[in-house]
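Inspection log for the structure reproduced underneath, given as structure tokens.
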There are 2 protein chains.
Amino acid sequence: MNITVADPQPHAVAKALKEIMQVPENGGGICPVRDVLDRIGDKWSLLIILNLGAEENLRFNELRRRVEGISQRMLTVTLRNLEADGLVGRTVYAEVPPRVEYRLTDLGRSLAGAVIGIGNWASQHAPAIAAARARFAA
Amino acid sequence: MNITVADPQPHAVAKALKEIMQVPENGGGICPVRDVLDRIGDKWSLLIILNLGAEENLRFNELRRRVEGISQRMLTVTLRNLEADGLVGRTVYAEVPPRVEYRLTDLGRSLAGAVIGIGNWASQHAPAIAAARARFAA
DNA sequence: CTGAATCCGAAACGATACTG
DNA sequence: CAGTATCGTTTCGGATTCAG
């Protein structure tokens, strides 16, 4: 199953990109795309969002197992940032041992939907990138 | 104008994400999404791709002016990486003063199409993120 | 189990100077 | 114009330790 953007003509892509990259006059001079990419463009944010989007909710260590290679520190730090941005919600259950569940907010889930396009692209074109890299190395 | 993914049901998003995040058995144990995000998840790659996607081609300093804040060094470095990944093409004209044009390859343009979803999301939800951040700061 | 706090090395990044 | 080279800084992120 794939959810993809309709494959547009090159010109349509260019037109859409021109509009997206414009800096709104009333926005204080900052491009919203820049703003958002600065937030989720780090090493772990998108991976966490994608994994959270695949489930209803996940506990801290469940999430840690899925995001292979992430350290405890970075998972904590990144989750706090995503929480501050309103993309991830955090629920603490007063039990012992403690249980904490993370889930995407509505905002975060809408982002996950947008990121599916990247995910599909990555799944389909990873071999092409690997091939290009091998070619370039020579 | 917007090119968006069809707004799917939450369950459809989850199902799509589960498939995307799976590690293929034959892929040597690496998730293609991880692989791609490690490449384009740096500070400048996506911005360069988006700007190149908005035009047929751009010269070095044209591109530099559009990607506000990038240093000459990082523009060079990032362009070389994108070239190595087969996303950007580079054409040198033997003139004086020298002229070098950069353009997306077909592969790069297909990625730009996928990133439009993020761009649209960013344009639409940047205020929501800013609001969440302000709320969280308190 | 879920964190916070500290330390420290590696990598990313920017500034500057120089070149064909 | 379009880079390359070098240097210094900053930031990122991993390892470890401690705690509720």
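Computation of the quantities below employed the complete heavy-atom set of this structure, encompassing side-chain atoms and omitting hydrogens, waters and symmetry-equivalent molecules. Labels below follow one simple rule: chain letters A, B, ... track the order of the sequence lines, proteins then strands, and each chain is numbered from 1. Every value quoted in this text rests on a predicted model; they were computed, and no experiment measured them.
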To the nearest angstrom, how far is B/Leu75 atom CG from D/dA2 atom C1'? 10 Å
Among residues 51-58 of chain B, which contact DNA chain D at a heavy-atom distance under 4.0 Å? none
Residues pairing under salt bridge (charged side-chain N to carboxylate O under 4.0 Å, His left out) where one sits in residues 39-50 of chain A, two or more places apart or in two chains, turn out to be A/Arg39-A/Asp85
Closest-nucleotide ordering on DNA chain C, the 5'-leading residue of A/Pro98 and B/Trp44: A/Pro98
Going through the distances and angles, do A/Arg66 and A/Glu68 end up as a salt bridge (charged side-chain N to carboxylate O under 4.0 Å, His left out)? CA-CA 5 Å; A/Arg66 290 175 186 238; A/Glu68 196 168 357; over 6 Å; no
If you count heavy atoms of other groups shown closer than 6.0 angstrom to CG of A/Asp106, is the number above 12? no
Interatomic distance, CZ@A/Arg90 vs CG@A/Leu82, rounded to 0.5 Å, equals 13.0 Å
Exactly one candidate in A/Glu56, A/Glu83, A/Glu62, A/Glu55 meets salt bridge (charged side-chain N to carboxylate O under 4.0 Å, His left out) with A/Arg103; the answer is A/Glu56
Protein and nucleotides 4-12 of chain D: nitrogen or oxygen contacts under 3.5 angstrom:
residue, atom, partner, partner atom, Å
D/dT4, O4, B/Gln72, OE1, 3.0

Under-4.0 Å side-chain N/O to phosphate OP1/OP2 contact, B/Tyr102 with D/dG3: yes
Among residues at least two apart in sequence or on other chains, which ones pass side-chain contact (heavy atoms from CB on, under 4.5 Å) with A/Ala14? none
Let me know, please, whether A/Val92 or B/Gly69 comes out on the 5' side of the other along DNA chain C by nearest nucleotide. A/Val92
About how many Å separate CG of B/Asn51 and CG of A/Leu17, when rounded to the nearest 0.5 Å? 8.5 Å
If you look at every heavy atom in A/Gly108 and A/Ile49, which pair is closest and at what distance? O-CG2, 4.3 Å
Donor-acceptor check, side chain of A/Thr105 to backbone of A/Leu87, threshold 3.5 angstrom: yes or no? yes
Note the angle between the end axes of the helix from C/dC1-D/dG20 to C/dG20-D/dC1, five pairs defining each, rounded to 10 degrees. 50°
Smallest heavy-atom separation, B/Trp121 atom then A/Leu111 atom, equals NE1-N, 3.2 Å
Bounds of contact between DNA chain C and chain B, in 5' to 3' order, using a heavy-atom cut-off under 4.0 Å: C/dC13 to C/dG20
Rounded at 0.5 Å granularity, tell me how far CG in B/Leu47 sits from OG1 in B/Thr78. 10.0 Å
Length of the line joining A/Ile70:CD1 and D/dG14:P, which is rounded to integer Å: 7 Å
OH/A/Tyr102 to CG/A/Leu75 distance, rounded to the nearest 0.5 angstrom? 7.0 Å
When rounded to whole Å, the CD to C1' distance for the pair B/Glu62 and D/dA2 reads 13 Å
Give a yes or no answer on whether the side chain of B/Ser110 reaches the backbone of B/Leu107 with a donor-acceptor pair at less than 3.5 Å. yes
